[in-house]
Asker: 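Structure in structure tokens, see below.
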Amino acid sequence: MTAVKTALVIGGGIAGPVTALALRKAGIEATVYEAYETTADGVGGQLTIAPNGLAALDVVGAGEAVRAVGLPMNRTIMTDGKGKRMGEFPGLVGLPPSRALWRPDLYRALHDHALAQGVPTEYGKRLVGVDESPTGVTARFADGTTATGDVLVGADGIRSTVRTLIDPKAPDPDHVPLLNFGGAADVAVPLASDAAYFSFGKKAFLGYWSQPDGTTAWFGNVPHKEPMSIAQARRTPAAEWLKRLREVFADDAPGRELLQRTSVEQLVVLGSLEIMPKVPHWYRDRMVLVGDSVHAPSSSSGQGASLAMESAIQLARCLRDLPDVAGAFAAYEGLRRERVEKVAWRASKTNNSKALGPVAIAMMGLMMPLAMRTFLNPEKTLGAEQRYRIDWQAPVTA
């Protein structure tokens, strides 16, 4: 075991609380430092927690809390923009279903569980620099305060400050030429309650599923060549975006109805989809990265949050079992890099399919039955991702 007894976890979103919970389970006192002054309640769109992510949450006792706020998705049904079914991807045999949920609900479930387990979180702590020594690292925050620990973990998202402190030449996120939107339509379209629907429309891609309250949750990806941050996207009034989206999905079913029944207040504007390219350096000295700060596949993967949870668990195991910090960090990267880069590669292929033209979509519909029996077989495409399990009790060796 390393001599690590304390950890500073930078970032209080999704990866931060899970990382702190895992470190505490490994016997390391961890405190979360969040840049914003308050919690992130009500911020964000929809996402999916895959079976492997739920299994990782079970390790830190948060699995049931997350299952309680998510909807089980036993299958995915693919349609064209006219509503014609092209194919169906069943869940993998022997695995529990993925959970579809809103990011604010996931955030609240994890935040409350971490609080109940005694994980302290300090708000208004925006990291601006670090001072390192052979035995520890001190974080300096914008408010003039500092905090010292044995290690510092960057769980501060795709625009990570910690990543640039580890390596000033680290890459920035890449944008995917798709704008991302979400919402809840005040209408219950005829849907199977246990299925997510993916529709390849005339001009854009739409995912949707029914909710117990009679509304329909949806997310849309609209082709857009130039990068657009969330801040840039939100400079355009939501009413204007909603008008444009209604035009984009005007020829699609049920996209047309879903957008007509979505109010300005229900629209979530998220800017361009973003991904992290390969990050050369995951750690330096006593600083290390987890989650989107180091491996953010596009949301098309359905694995972003789940991979972050896995990495939190594996980092804690390595710090628990290996005798020095450098060795623990190297082992952690060795356990994670190949896996997360494979998922990112698969997601990039999915992104490409979201901007197909009418002819390509028609061909997809014709080829889908054969494809699902061969190269798109769910077990072949998703088995290695979703069946991944971490044995917390197993010792990590260098």
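All values below were derived from every heavy atom in this structure, side-chain atoms included, with hydrogens, water molecules and symmetry-related copies excluded. What you see is a predicted model, and the numbers here were worked out from it, not measured in a lab.
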Asker: Nearest 0.5 Å, what's the CD1-OG1 distance between I14 and T19?
Answerer: 11.0 Å
Asker: Counting only heavy atoms not in E226 (residues, nucleotides, ligands), do more than 12 fall under 6.0 Å from its CD?
Answerer: no
Asker: Decide yes or no for R24 and L21: does some side-chain heavy atom of the first lie under 4.5 Å from some side-chain heavy atom of the second?
Answerer: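 SC-SC contact between R24 and L21 ruled out.
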Asker: Which heavy atom of A394 sits nearest a heavy atom of D321, and at what distance?
Answerer: O-OD2, 3.9 Å
Asker: Strictly by modelled atom types, are S263 and Q266 linked by a side-chain donor-acceptor pair under 3.5 Å?
Answerer: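 A pair is found: one side chain offers a donor N or O, the other an acceptor, under 3.5 Å apart.
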Asker: Indicate yes or no: does R387 engage E379 in a salt bridge with an N to O separation below 4.0 Å.
Answerer: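 So R387 pairs with E379 through a salt bridge.
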Asker: Do the charged groups of D194 and R75 touch, with an N to O distance under 4.0 Å?
Answerer: yes
Asker: Indicate the atoms forming the closest heavy-atom contact of V137 with V130, along with that distance.
Answerer: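 Heavy atoms only, the tightest pair is CG2-CB, 4.1 Å.
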Asker: For a quick test of reading the model, state the closest non-hydrogen atom pair linking P173 to P277 and the distance between them.
Answerer: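 That closest heavy-atom pairing would be CA-CD, 4.1 Å.
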Asker: Taking 4.0 angstrom as the limit, do K342 and E385 come out as a salt bridge?
Answerer: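 Looking at K342 and E385, the cut-off is not met.
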Asker: How many angstroms lie between OH in Y197 and OG1 in T79, if you round to the nearest 0.5 Å?
Answerer: 9.0 Å
Asker: Can you check whether W218 reaches P254 side chain to side chain, under 4.5 Å on heavy atoms?
Answerer: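 Of all side-chain heavy-atom pairs linking P254 with W218, none is under 4.5 Å.
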Asker: For residues R256 and D251, report the shortest heavy-atom separation together with the two atoms involved.
Answerer: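 So the minimum-distance heavy-atom pair works out to NH1-C, 3.8 Å.
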Asker: Going through the checks in order, is the side chain to side chain contact (heavy atoms under 4.5 Å, CB included) test met by V153 and L315?
Answerer: CA-CA 10 Å; V153 183; L315 174 62; 3.9 Å; yes
Asker: Return the CD to OG distance between Q386 and S306, rounded to the nearest 0.5 Å.
Answerer: 8.5 Å
Asker: Suppose we screen for side chain to side chain donor-acceptor pair (under 3.5 Å). Which residues come up paired with T215, at least two apart in sequence or across chains?
Answerer: Q211, D213
Asker: Checking side chain to side chain donor-acceptor pair (under 3.5 Å) between R336 and each of E341, H295, E310, which is the one that passes?
Answerer: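 With R336 as partner, E341, H295, E310 yield a single side chain to side chain donor-acceptor pair (under 3.5 Å), made by E310.
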Asker: For R67 and E64, run salt bridge (charged side-chain N to carboxylate O under 4.0 Å, His left out): C-alpha distance rounded to whole Å, both residues' side-chain angles, the deciding distance at 0.1 Å, then the answer.
Answerer: CA-CA 5 Å; R67 289 182 181 90; E64 288 308 309; 3.0 Å; yes
Asker: Quick check: F181 with W241 (ring centres under 6.0 Å apart)?
Answerer: yes
Asker: Could you check K125 against E34 for side chain to side chain contact (heavy atoms under 4.5 Å, CB included), going step by step and ending with a plain yes or no?
Answerer: CA-CA 5 Å; K125 300 297 180 183; E34 168 55 46; over 6 Å; no
Asker: Is the NZ or CZ atom of R126 both under 6.0 Å from the centre of the six-membered ring of Y36 and within 45° of that ring's axis?
Answerer: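 The answer is yes, since R126 meets both limits relative to Y36.
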Asker: Check for a donor-acceptor pair, side chain of E274 on one end and backbone N or O of D174 on the other, with a separation under 3.5 Å.
Answerer: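 Not confirmed, E274 side chain does not pair with D174 backbone.
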Asker: In this structure, are over 12 heavy atoms from other groups packed under 6.0 Å from Y123 atom OH?
Answerer: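 Yes, OH of Y123 has more than 12 neighbouring heavy atoms, counting only those of other groups under 6.0 Å.
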Asker: Output the distance between atom NZ (K5) and atom CG (L319), rounded to the nearest 0.5 Å.
Answerer: 11.5 Å
Asker: Return the minimal non-hydrogen interatomic distance between L101 and I49, and the atom names on each side.
Answerer: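 Closest approach of L101 to I49: CD2-CG1, 3.7 Å.
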Asker: If every non-hydrogen atom of R163 is compared with every non-hydrogen atom of G157, which pair is closest and at what distance?
Answerer: NH1-O, 3.9 Å
Asker: Quick check: do T161 and I10 have side-chain heavy atoms less than 4.5 Å from each other?
Answerer: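 Not in contact.
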Asker: Does D150 pair with R286 as a salt bridge, N-O distance under 4.0 Å?
Answerer: no
Asker: To the nearest 0.5 angstrom, please state how far the OG1 atom of T148 sits from the CG atom of L8.
Answerer: 7.0 Å
Asker: Enter the distance from L178:CG to S299:OG here, rounded to the nearest 0.5 Å.
Answerer: 8.5 Å
Asker: Measuring only between side-chain heavy atoms, which start at C-beta, is Q46 closer than 4.5 Å to W209?
Answerer: yes
Asker: Give a yes/no verdict on a cation-pi contact between R108 and W102, requiring under 6.0 Å between NZ or CZ and the six-membered ring centre and an angle within 45° of the axis.
Answerer: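 Ring-cation test returns no.
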